Every structure is written in structure tokens, then in C-alpha cells.
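The structure appears right after this line, and notes come after that.
Count residues from 1 along the sequence. For clarity, every value in this text was computed on a predicted model and none was experimentally measured.
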Amino acid sequence: GMDGAPPPASPAGLSAYVAVSQLLGLTLLATTGAWLGRYRGGVDWHSSLQFNVHPLCMVLGMVFLQGDALLVYRVFRHEAKRSTKALHALLHGLALVIALVGIVAVFESHRTKGIPDMYSLHSWCGMAAFVLYLLQWLLGCGFFLLPSTSFSLRGRYKPQHVFFGIALFVLSIATCLLGITEMLLFNIRDSYSRFVPEGVLANTLGVLLVAFGLVVGYVLTRDEWKRPPLAEELALSMDFKTLTEGESPGGGS
């Protein structure tokens, strides 16, 4: 604080869970890289390997970075709200850009190989996740980063923003699981049932995706780990309450 006192420590357990989430996230990326490198020929934009850019970008953007963007408010509990907000928006924006590269990769790869687009459940869920994620990001920037947005509008939109943030993260992981299954059935349909190493590795990737989602979800839903409002935020919201509820007892909400 400003009076020279050390900043309050994070609640017990929070740091451990965040550390586990980051360990899982990095293991996820390494496992994706190992699968594509060892069994799918690696990643290259200018060749028949262009498709492999897609799973790598989606796991990095729509899962790892999206998850980390959601954790920002738990990790940076005592930093200024504005800078935490900016980091939250920046990580989500970066995730969107990387996901867009992944989407372009799959459409271009399909075009050069003459494969039809957008017929599978994976592609439907994936496109829905991406479009809604972009919309969620634009609305979030509009409501929470533009200084002109009123407190009452922010307050009314915030529960929706929080709910859809978690829902889109869940949808992104589910879409990855569908994609992994689809890729295995396209590539090793005949040997998958014999527990070949590629199948086991890809299944492990799926389990890691679920684990990452569960750990991030747990951190986000623990009430006592929510970011405590800073003194200046409390003062603002008290002033705001007095202004809006002064005339009507009980707030009329």
C-alpha cells in the first residue's frame, strides 16, 4: 500500500493452483508440438504441412492464452484495475490473432488439397467459438475499456461478460477434443484401436486439455479467490451508489 505496508499476500492455495495451471499449459503446448513433430511431419506454412499450423495455433490461442487471460484478475490481485484490465484484453486479443492464423491455415490447406470446408461438428463448434470470442472481446473492450461507459451499464453487463468468458473457454476445449478425435480418425483410423503410440499421445493431449480447463475453472469459481476491490474502487462505487440510489430506498433494482 501507499503507507509503506507490504501488499497483502495471495490467499493460501491460489498460487499453487495457478502454478499447476501454467505447468499444465506448457505441457499441453509441448505435447501438441511432440504429436505434430513426431507423427504428423512437423509444421510448415508453405507445404502440405500447412494444416498442422491449425492445431498448434488453436491450442496456443484458444486454450492456453485464453485460460491465462481469464486468470489475470486472480493473479494480479493488488495491481491497479486499469492495468489488469488492459492485460486481460491484450492476452485475449493475442489469442484471437493466433486463432485467426490457425483458421486461415485450415481453410488454405483444404483449398490446396481440395477438401470440403465446414461440414463437421468440430468446424461448426470451432467457428461458433471463434466468432463469439471475437464478439465477446469487442463488447468487453467497449464496456470496460472505453472511459465513456457508465458504471450502471458496466455493472449490468459484467455478469454476462463473466459467464460467457467461462462458457467460451469450455466450448474451446470441447472443440479441441472434437478436433483431436477427428484428426485421429482421418489419419490412423485402422490402427487407433490397437493403442498405437500416436493414438495414446493424442488421447493424453485431450486429457491434459481437460485438466487445464478444470484447474483454471476451479481458480475462477472459488469465491474467496476473487479479486478484492481496491480502496479507490470502493470509494467510486460508494459514490456511485449514493448517486443512483439516493432517491429510491432499497435501490429499486
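Between the side chain of Arg194 and the main chain of Asp190, a donor-acceptor pair closer than 3.5 Å is present.
In this structure, Val131 is a member of the same hydrophobic cluster as Ile166, with clusters built from ILVMFWY side-chain heavy atoms closer than 4.5 Å. Both Leu70 and Leu138 sit in one connected hydrophobic cluster of ILVMFWY residues. Membership requires side-chain heavy atoms under 4.5 Å apart, directly or through other members. Under the 4.5 Å side-chain heavy-atom criterion for ILVMFWY residues, no single connected hydrophobic cluster contains both Phe143 and Leu132. Under a hydrophobic clustering in which Ile, Leu, Val, Met, Phe, Trp and Tyr are joined whenever their side-chain heavy atoms come within less than 4.5 Å, directly or via other members, Leu121 and Val170 fall into different clusters. Both Leu29 and Leu56 sit in one connected hydrophobic cluster of ILVMFWY residues. Membership requires side-chain heavy atoms under 4.5 Å apart, directly or through other members.
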Using atom types as modelled, flag every donor-acceptor pair under 3.5 Å from a side chain in residues 201-220 to any protein atom, sequence neighbours excluded.
{"unit_1": "Asn203", "atom_1": "OD1", "unit_2": "Tyr192", "atom_2": "OH", "d": "2.7"}
{"unit_1": "Thr204", "atom_1": "OG1", "unit_2": "Val200", "atom_2": "O", "d": "2.7"}
{"unit_1": "Tyr218", "atom_1": "OH", "unit_2": "Arg222", "atom_2": "NH1", "d": "2.5"}

Check residues 86-109 and write down every donor-acceptor pair under 3.5 Å in which the side-chain atom is one partner and the other belongs to a residue at least two apart or another chain.
{"unit_1": "His88", "atom_1": "ND1", "unit_2": "Ala69", "atom_2": "O", "d": "2.7"}
{"unit_1": "His92", "atom_1": "ND1", "unit_2": "Tyr133", "atom_2": "OH", "d": "2.6"}
{"unit_1": "Glu108", "atom_1": "OE1", "unit_2": "Gln50", "atom_2": "NE2", "d": "2.9"}

Using atom types as modelled, flag every donor-acceptor pair under 3.5 Å from a side chain in residues 20-28 to any protein atom, sequence neighbours excluded.
{"unit_1": "Ser21", "atom_1": "OG", "unit_2": "Val18", "atom_2": "O", "d": "2.6"}
{"unit_1": "Gln22", "atom_1": "NE2", "unit_2": "Asp68", "atom_2": "OD1", "d": "2.7"}
{"unit_1": "Thr27", "atom_1": "OG1", "unit_2": "Leu23", "atom_2": "O", "d": "2.6"}

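The number of heavy-atom neighbours closer than 6.0 Å to CZ of Arg154, taken from other residues, nucleotides and ligands shown, is above 12. For Phe195, the CZ atom is loosely surrounded, since the number of other residues' heavy atoms within 6.0 Å does not exceed 12. A 6.0 Å sphere centred on CH2 of Trp45 holds more than 12 heavy atoms belonging to other residues, nucleotides or ligands.
By the 4.5 Å heavy-atom criterion applied to side chains, Ile180 and Trp35 are counted as neighbours. Side-chain contact between Arg77 and Lys226: absent, with no pair of heavy atoms (C-beta onward) separated by less than 4.5 Å. Between Pro228 and His78 the shortest side-chain heavy-atom distance falls below 4.5 Å. Looking at Thr149 and Phe144, their side chains never come closer than 4.5 Å, going by heavy atoms from C-beta outward. Taking 4.5 Å as the limit, some side-chain heavy atom of Tyr73 sits within range of a side-chain heavy atom of Lys81. Looking at heavy atoms from C-beta onward, Arg38 lies out of side-chain contact with Glu198 at the 4.5 angstrom threshold.
Note on ring orientation: taking the six-membered ring where Trp is involved, the planes of His54 and His122 are perpendicular (angle over 60°, cut-offs 30° and 60°).
Considering Leu36, Ile188, Leu178 in turn, Leu36 is the only one that fulfils the side chain to side chain contact (heavy atoms under 4.5 Å, CB included) rule with Met183. Exactly one of Phe163, Phe164, Tyr157 qualifies for a ring pair (Phe, Tyr, Trp, His ring centres under 6.0 Å) with His161. That residue is Tyr157.
Residues passing the side-chain contact (heavy atoms from CB on, under 4.5 Å) test with Leu135 are Leu139, sequence neighbours excluded. By the ring pair (Phe, Tyr, Trp, His ring centres under 6.0 Å) test, Phe64 is found to be paired with no residue, residues two or more places apart in sequence or in another chain being considered. The salt bridge (charged side-chain N to carboxylate O under 4.0 Å, His left out) check on Arg227 picks up Glu233, with sequence neighbours excluded.
Taken to the nearest 0.5 Å, the CE atom of Met58 stands 8.0 Å off from the SG atom of Cys176. The line from CG of Leu71 to CZ of Phe76 is 10.0 Å long, rounded to the nearest 0.5 Å.
Shown here for Ser83 and Ala80, the closest heavy-atom pair between the two residues is OG-O, 3.0 Å. In terms of heavy atoms, Gln66 sits closest to Ser172 at NE2-OG, 3.2 Å.
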